[in-house]
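Written out below as structure tokens is the structure these notes cover.
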There are 2 protein chains.
Amino acid sequence: MNQTEEKILEAAEKVFLKHGYDGSRMQAIADLAGINKAMLHYYFRSKDLLFERIFKEKFSRFFPAIEETFQLEMHFVDKLCIFAEKYIDFLIQNPYLPLFVLNNINKNPDFSKNLPLNMPQLLLQSYLEDVEKGLCKMHQPAQILITVLGICAFPFLAKPMMTLLLGASDEDFFELMQQRKEEAKKQIRILFEV
Amino acid sequence: MNQTEEKILEAAEKVFLKHGYDGSRMQAIADLAGINKAMLHYYFRSKDLLFERIFKEKFSRFFPAIEETFQLEMHFVDKLCIFAEKYIDFLIQNPYLPLFVLNNINKNPDFSKNLPLNMPQLLLQSYLEDVEKGLCKMHQPAQILITVLGICAFPFLAKPMMTLLLGASDEDFFELMQQRKEEAKKQIRILFEV
DNA sequence: GTCTATATCTGGATAGAC
DNA sequence: GTCTATCCAGATATAGAC
């Protein structure tokens with residue numbers, strides 16, 4: 001991959017993440033990359049393909065490295081806590097990611113194959129073991145998944161609303177997210193630990 | 001407001017909510033309303049103004065009728081529970097609303113005036129009273145706000161992801177949301193009640 | 001108020017020189 | 001590989017008849 005291609009990808013990522021597919025202009029990407037519009041087509045043929053390239057990469061990163069976490073030898077709730085902390089740290093670095101992924105996930109119907117579909121399985125298995133041992137409260141697995149992801153990801157989805165509601169600056173928000181890591185772990189323990 | 005105008009608004013709402021501003025076509029709105037494209041401009045001048053009309057209405061409804069709930073005479077946690085149940089019911093009727101509002105909230109910078117900015121105040125006041133009485137656990141108010149809204153709204157933001165991850169149908173999802181009401185109340189009590 | 005026809009412009013994509 | 005110039009479809013918006 002040469003330098004021009006990389007510059008394009010970098011620019012496309014920024015523009016698409018901020019404005020979405022429909023709101024993005026090839027001209028804007030070219031300008032940001034400091035090259036000509038024709039180059040975009042030379043390297044990626046079409047807007048569609050360029051977008052798909054960006055989306056697939058972002059999508060795969062949105063589904064966090066949950067597998068490695070859940071293969072560790074520890075209690076289910078401890079795994080959830082480790083996951084939450086790592087995930088929030090990741091989202092602090094990529095605050096636009098959740099909204100971008102959720103907006104576009106339904107547009108391309110053939111992304112199922114990229115999905116870590118064993119993720120719910122891994123989670124479920126680890127969960128059931130600890131329920132049996134009496135280490136973990138009984139919940140509906142789907143609700144646990146929603147709840148934990150929500151605790152971590154919702155603040156980033158709601159960032160513009162929150163800064164407005166609370167009259168907070170960007171710095172305030174990121175400070176709040178630093179604290180959110182401890183808050184998340186506390187909540188997870190209260191909710192799921194026996 | 002005559003019948004044509006209403007049909008347009010109805011159609012515009014559906015199209016904008018589903019495709020967003022950039023992804024929506026005036027032609028699509030006209031088709032859905034069963035009228036001509038020119039009529040849209042006759043009644044609303046431009047796409048921008050039509051969109052703004054829809055967004056403002058949706059935006060004001062996204063901020064739930066929290067005021068009336070929080071003026072009731074009861075404990076803070078009970079208020080949260082009532083709010084959660086009402087709000088999830090509302091979102092079941094308007095599942096696209098959260099994503100739509102969060103996507104566009106940053107685009108129009110002058111919506112601050114429409115904001116129920118006394119909402120955090122009302123919440124805070126009720127909260128502090130009960131903390132003092134020892135009825136409610138100590139938390140950071142901003143974290144409470146994020147958490148409660150997240151418990152209710154995140155599932156709807158994540159709907160496409162969830163149905164994909166869980167291999168669920170639309171019916172399954174709405175069934176899950178019905179159960180979410182009880183789950184939400186349970187979680188709120190565990191998290192915030194002494 | 002409602003329609004058809006049309007003007008105008010924007011933006012993705014291509015041709016072709018270098 | 002990189003650029004300039006250009007094509008062309010599609011979208012908003014308007015003109016003008018009825």
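Quick note on labels: first sequence line is chain A, next is B, and so on, each numbered from 1.
If you take CZ of F51(B) and C1' of dT12(D), they are 16 Å apart, rounded to a whole angstrom. Note: CG (D48(B)) to P (dT12(D)) measures 11 Å, nearest angstrom. Rounded to an integer number of Å, the gap from NE2 of H41(A) to C1' of dT6(D) is 14 Å. If you take NZ of K47(B) and C1' of dG10(D), they are 12 Å apart, rounded to a whole angstrom. In this structure, R45(B) places its CZ atom 11 Å from C1' of dT14(D), rounding to the nearest Å.
Interface residues of residues 1-32 of chain B facing DNA chain C, ordered by number: T4(B); criterion, heavy-atom separation under 4.0 Å.
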Return all side-chain donor-acceptor pairs below 3.5 angstrom for residues 87-96 of chain A, not counting sequence neighbours, or 'none' if the list is empty.
| unit_1 | atom_1 | unit_2 | atom_2 | d |
| --- | --- | --- | --- | --- |
| Y87(A) | OH | F62(A) | O | 2.9 |
| D89(A) | OD1 | K181(A) | NZ | 2.8 |
| N94(A) | ND2 | F90(A) | O | 2.9 |

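Protein chain B contacts DNA chain C over a range whose 5' and 3' limits, counting nucleotides with an atom under 4.0 angstrom from a non-hydrogen atom, are dG1(C) to dT4(C).
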| Derivation of the side chain to side chain contact (heavy atoms under 4.5 Å, CB included) call for N104(B) and K58(B) | CA-CA 11 Å; N104(B) 295 292; K58(B) 290 296 150 195; over 6 Å; no
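Using a 30° and 60° split on the angle between ring planes, F63(B) and F59(B) fall in the perpendicular class, above 60°.
Using a 4.0 Å cut-off between charged nitrogen and carboxylate oxygen, D78(B) and R189(B) count as a salt-bridge pair. Checked for salt-bridge contact, R61(A) and E57(A) meet the test: a charged N lies under 4.0 Å from a carboxylate O.
Only one option out of K137(B), E132(B), K133(B) pairs with L135(B) in a side-chain contact (heavy atoms from CB on, under 4.5 Å); it is K133(B). Checking each of E183(A), R180(A), K186(A) against Q143(B) for a side-chain hydrogen bond (donor to acceptor under 3.5 Å, both in side chains) leaves exactly one that passes, namely R180(A).
Within the 4.0 angstrom heavy-atom criterion, only backbone atoms of the sugar-phosphate kind lie near Y43(B); the bases stay farther away.
Nearest heavy-atom pair, L40(A) versus M26(A), reported as atom, atom and distance to 0.1 Å: CD1-O, 3.2 Å.
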